[in-house]
Colleague: 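Quick one: this structure, given as structure tokens, is what I'll be asking you about.
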Amino acid sequence: MEEEPLPDVRPAAPAEAEPSEMALRLAEALIFASAEPVPMRALGQILPEGEEVEVVLAALARRYAGRGVELVSVAGGMQFRTAPDLGPSLRKVIQQPRRLPRVAMETLAIIAYHQPMTRPEIEALRGTNLSQETLDVLLEAGLIAPQGRKEAPGRPTLWGTTSHFLAAFGLASLSELPRREDLLASPPTPT
Amino acid sequence: MEEEPLPDVRPAAPAEAEPSEMALRLAEALIFASAEPVPMRALGQILPEGEEVEVVLAALARRYAGRGVELVSVAGGMQFRTAPDLGPSLRKVIQQPRRLPRVAMETLAIIAYHQPMTRPEIEALRGTNLSQETLDVLLEAGLIAPQGRKEAPGRPTLWGTTSHFLAAFGLASLSELPRREDLLASPPTPT
Amino acid sequence: MSEAASSEQLLLRLEGFEGPLDLLLELARAQKLDLARISILALVEQYLAVIEGARAVRLELAADWLVMAAWLAWLKSRLLLPAGSPEADEGERAADVLASRLAVLEGLRAAALWLGARTLLGRDVFARGAPESFVEIDRSRFRLDMPSLLAAYLGALRRVQQAARYQPAPLTIWSVQDALGRLERLLGSLPDWVSLEQFLPEHLGQPEERRAALASTLLASLEMARDGVLWLRQEQPFGPVLVGRANGGTASTETG
């Protein structure tokens with residue numbers, strides 16, 4: 001198996017003296033294991049006598065150049081960091097969906113069944129005021145959208161559900177919503 | 001900057017293919033970023049299609065061999081750790097956890113070998129009470145954890161070792177604990 | 001080193017032992033023998049000597065030390081019996097149990113030493129000190145599903161229905177105005193004195209509606225009587241109220 005097959009790719013730094021392998025290893029280990037960026041002074045303390053901190057760091061940085069991890073100088077000292085280009089591949093987004101507040105869910109359901117409808121119509125149906133906040137939540141979630149205006153005094157906005165609403169609830173079309181009559185199959189009989 | 005300069009070195013490799021530089025970098029970055037051993041499954045998930053986890057890890061381990069930081073297989077995953085020979089130098093500058101007292105070490109050994117077991121069982125084995133302090137030290141160090149309750153009167157808590165126990169002592173799994181007979185085969189020679 | 005001297009030393013360190021078994025183990029090791037071949041009797045005597053010594057200097061001893069001492073004294077008495085008797089056999093078995101317990105403990109102590117000699121994370125080797133996390137928590141989305149949508153819809157409908165149930169049922173109110181009109185209309189065809197109830201509208205379902213209409217009609221008739229359009233007569237208290245046309249029949253001309 002080939003190991004490091006190309007000595008000519010890694011240019012042996014010309015003029016500058018190569019640091020000892022032990023100095024390189026110590027600097028690498030210390031920066032790796034430290035919880036905070038390692039100040040130059042701390043590196044100087046741990047390195048063997050006669051090693052130049054800058055030279056060691058330069059050699060270490062060269063070793064890590066182009067790799068998955070890079071040596072970077074940040075406020076306070078030296079630190080290893082993941083190569084920036086790998087971030088997107090390593091990022092793991094964990095979805096923690098929230099529950100839609102009850103009022104918002106109710107309003108959404110009413111709009112779904114009675115669209116297009118105006119805000120006063122929603123309020124009349126729910127028998128209570130509809131807060132702007134609730135409307136905003138549904139708008140931001142892309143579940144409802146304005147669908148023109150009603151030809152009535154004040155020309156109020158008509159609201160309806162979006163195609164994202166259908167996708168979110170796994171519906172091919174609005175006609176897949178259970179019929180109201182089926183939902184209310186056994187209405188509470190008023191005695 | 002040269003990128004993959006030699007097509008004859010890398011691809012075309014027959015059965016045991018050299019992993020792509022990207023696979024190597026991704027694995028390196030993921031393991032390097034974590035303070036805990038990274039499970040193989042997590043590695044498999046981020047590697048590009050067609051890359052063998054084992055092949056990538058073998059190549060990565062080769063790269064780090066002899067360096068200040070090494071790749072080790074521990075507690076069912078992969079972890080970078082500082083090279084053991086640098087320990088004495090690093091100890092001077094890196095804060096270490098408190099040393100475990102002898103009682104705690106012995107109690108840990110008892111739990112490791114007899115888990116899961118209850119506190120009375122530990123006490124019966126040692127022939128003396130187990131102080132709360134000892135239990136607390138092991139719990140705080142994350143070396144032991146409750147593992148359910150014993151189906152017995154009072155349903156006492158069962159204790160067992162954690163995966164951090166494996167990581168702390170550099171064990172791949174509990175099966176790496178030596179048999180006690182083997183430990184006693186060559187008794188500590190009394191001088 | 002004499003046995004007594006070593007007991008003295010142990011006495012001084014007694015507090016350093018993790019219980020009686022720990023001390024016994026130490027005594028057994030002092031015999032420099034394989035644990036399988038130690039003399040339990042010698043061990044017992046050493047232990048009892050240490051406890052005696054502790055008592056002599058009035059060292060506070062935990063109960064388990066004394067319990068062990070009592071048990072070992074019992075064991076010693078059995079081990080001193082001539083072999084062959086049931087009591088002696090009992091002693092032998094108890095000695096074996098003690099020996100094996102010590103062996104187990106010795107094994108675990110060896111395991112603890114083995115663990116302590118491992119390359120320890122945090123002492124000999126160090127993991128990444130500043131781990132980086134690539135995990136992002138996205139809480140911007142909503143958990144949406146059909147059941148909760150329908151439940152919310154039904155909830156809203158039910159609430160609205162419930163609110164509606166609290167309203168009094170819409171009554172067919174026969175207003176005074178209605179009664180006035182009806183009285184004026186019917187007054188022309190009035191043959192003679194007629195009961196007020198004859199002027200109530202048809203199709204009155206609820207008893208309340210009938211009572212309300214009766215009240216309205218009475219009020220209307222009182223108003224018309226005041227205006228002199230009609231006369232009212234009641235023969236007795238709570239008797240039927242009779243309505244008659246006033247002379248002249250102005251009512252019909254007025255309403256036209």
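In what follows, chains are A, B, ... by sequence order, proteins preceding strands, each numbered from 1. As the structure is a prediction and not an experimental result, all values here were calculated from the model.
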Colleague: What's the separation between atom CH2 in C:Trp114 and atom CG in B:Asp182, rounded to the nearest 0.5 Å?
Modeller: 11.0 Å
Colleague: Starting from the C-alpha separation in whole Å, work towards a yes-or-no answer on side chain to side chain contact (heavy atoms under 4.5 Å, CB included) for C:Val104 and B:Arg180.
Modeller: CA-CA 9 Å; C:Val104 166; B:Arg180 274 173 291 166; 4.0 Å; yes
Colleague: Grab the two heavy atoms, one from B:Gly127 and one from C:Pro20, that are nearest each other, plus how far apart they are.
Modeller: O-CD, 3.7 Å
Colleague: Atom CD of residue position B:Gln132 - does it have more than 12 heavy atoms of other residues, nucleotides or ligands inside 6.0 Å?
Modeller: yes
Colleague: Between B:Thr128 and C:Asp64, which heavy-atom pair has the shortest distance, and what is it?
Modeller: OG1-OD2, 3.0 Å
Colleague: Do you know which two heavy atoms are closest between B:Ala35 and C:Ala127, and how far apart they sit?
Modeller: O-CB, 3.8 Å
Colleague: Check each atom of B:Phe80 against the heavy atoms of chain C and say whether the ones under 4.5 Å are side chain, backbone, both or neither.
Modeller: backbone
Colleague: What's the spacing between C:Arg109 CZ and B:Leu183 CG if we round to 0.5 Å?
Modeller: 13.5 Å
Colleague: How many angstroms lie between CG in C:Leu121 and CD in B:Gln96, if you round to the nearest 0.5 Å?
Modeller: 11.5 Å
Colleague: Measure B:Arg179 against the heavy atoms of chain C and call it side chain, backbone, both or neither at under 4.5 Å.
Modeller: neither
Colleague: Please step through side chain to side chain contact (heavy atoms under 4.5 Å, CB included) for the pair C:Arg118 and B:Leu171, ending with a clear verdict.
Modeller: CA-CA 9 Å; C:Arg118 298 280 302 169; B:Leu171 298 165; 3.8 Å; yes
Colleague: Return the CD to CG distance between C:Glu18 and B:Asn129, rounded to the nearest 0.5 Å.
Modeller: 10.0 Å
Colleague: Between B:Leu125 and C:Leu108, is any pair of side-chain heavy atoms under 4.5 Å apart?
Modeller: yes
Colleague: Would you confirm whether C:Arg128, through its side chain, and B:Phe32, through its main-chain N or O, come within 3.5 Å as a donor-acceptor pair?
Modeller: yes
Colleague: Where does C:Arg101 contact chain B at under 4.5 Å (heavy atoms): side chain, backbone, both or neither?
Modeller: side chain
Colleague: If you draw a 6.0 Å radius around CZ in B:Arg155, do more than 12 non-hydrogen atoms from other residues or ligands fall strictly inside?
Modeller: yes
Colleague: Write down the atom of C:Phe126, the atom of B:Gly87, and the distance for their closest heavy-atom approach.
Modeller: CE1-O, 4.4 Å
Colleague: Using a cut-off of under 4.5 Å on heavy-atom pairs, state which of B:Glu36, B:Arg126, B:Gln95, B:Glu70 scores highest against chain C.
Modeller: B:Arg126
Colleague: Does any heavy atom of chain C fall under 4.5 Å from the side chain of B:Ala124, the backbone, both, or neither of them?
Modeller: backbone
Colleague: So which heavy atom on B:Ala83 is nearest to which on C:Val125, and how close?
Modeller: C-CG1, 4.3 Å
Colleague: Measure B:Glu106 against the heavy atoms of chain C and call it side chain, backbone, both or neither at under 4.5 Å.
Modeller: both
Colleague: Restricting to non-hydrogen atoms, name the atom on C:Asp124 and the atom on B:Thr82 that form the minimum distance, rounded to 0.1 Å.
Modeller: O-OG1, 4.4 Å
Colleague: Take atom CD in C:Glu136; do more than 12 heavy atoms of anything else shown fall under 6.0 Å from it?
Modeller: yes
Colleague: Tell me, yes or no, whether the heavy-atom count around C:Glu87 atom CD, taken from other residues, nucleotides or ligands under 6.0 Å, exceeds 12.
Modeller: yes
Colleague: Between C:Leu115 and chain B, which part of the residue has a heavy atom less than 4.5 Å away: side chain, backbone, both or neither?
Modeller: both
